[in-house]
Amino acid sequence: MQKIKIVTVGKLKERYLEDAMQEYSKRLSRFCQFTVVELAEKK
């Protein structure tokens, strides 16, 4: 099984982006291992 990892800098602030990420995660989970890693922003 393939693995897909999406790395983001900072948290997703907009609700529509969070909803989209959840939808893609649900759809892709049948075909691959899908994870999202959120890194803290450097100030």
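- Counted within 6.0 Å of CD on Glu23, heavy atoms from surrounding residues, nucleotides or ligands total more than 12; the atom is thus considered enclosed.
- Two residues are said to be in side-chain contact when any heavy atoms from C-beta on lie closer than 4.5 Å; Phe34 and Ser29 fail this criterion.
- Between atom CE of residue Met1 and atom SG of residue Cys32 there is a gap of 7.0 Å, rounded to the nearest 0.5 Å.
- For Gln33, there are no side-chain hydrogen bond (donor to acceptor under 3.5 Å, both in side chains) partners at least two apart in sequence or on another chain.
- Comment: Glu18 does not engage Arg15 in a salt bridge, judged by the lack of any side-chain N to carboxylate O separation of less than 4.0 angstrom.
- Tyr24 and Leu12 are members of different hydrophobic clusters when ILVMFWY side chains are connected at heavy-atom separations under 4.5 Å.
- Residue Glu38 holds its CD atom at 11.0 Å from CD1 of Ile6, rounded to the nearest 0.5 Å.
- Considering only residues two or more places apart in sequence or on other chains, Lys13 meets the salt bridge (Lys or Arg N to Asp or Glu O under 4.0 Å) condition with Glu41.
- Qualifying side-chain hydrogen bond (donor to acceptor under 3.5 Å, both in side chains) partners for Arg30, counting only residues two or more places apart in sequence or in other chains: none.
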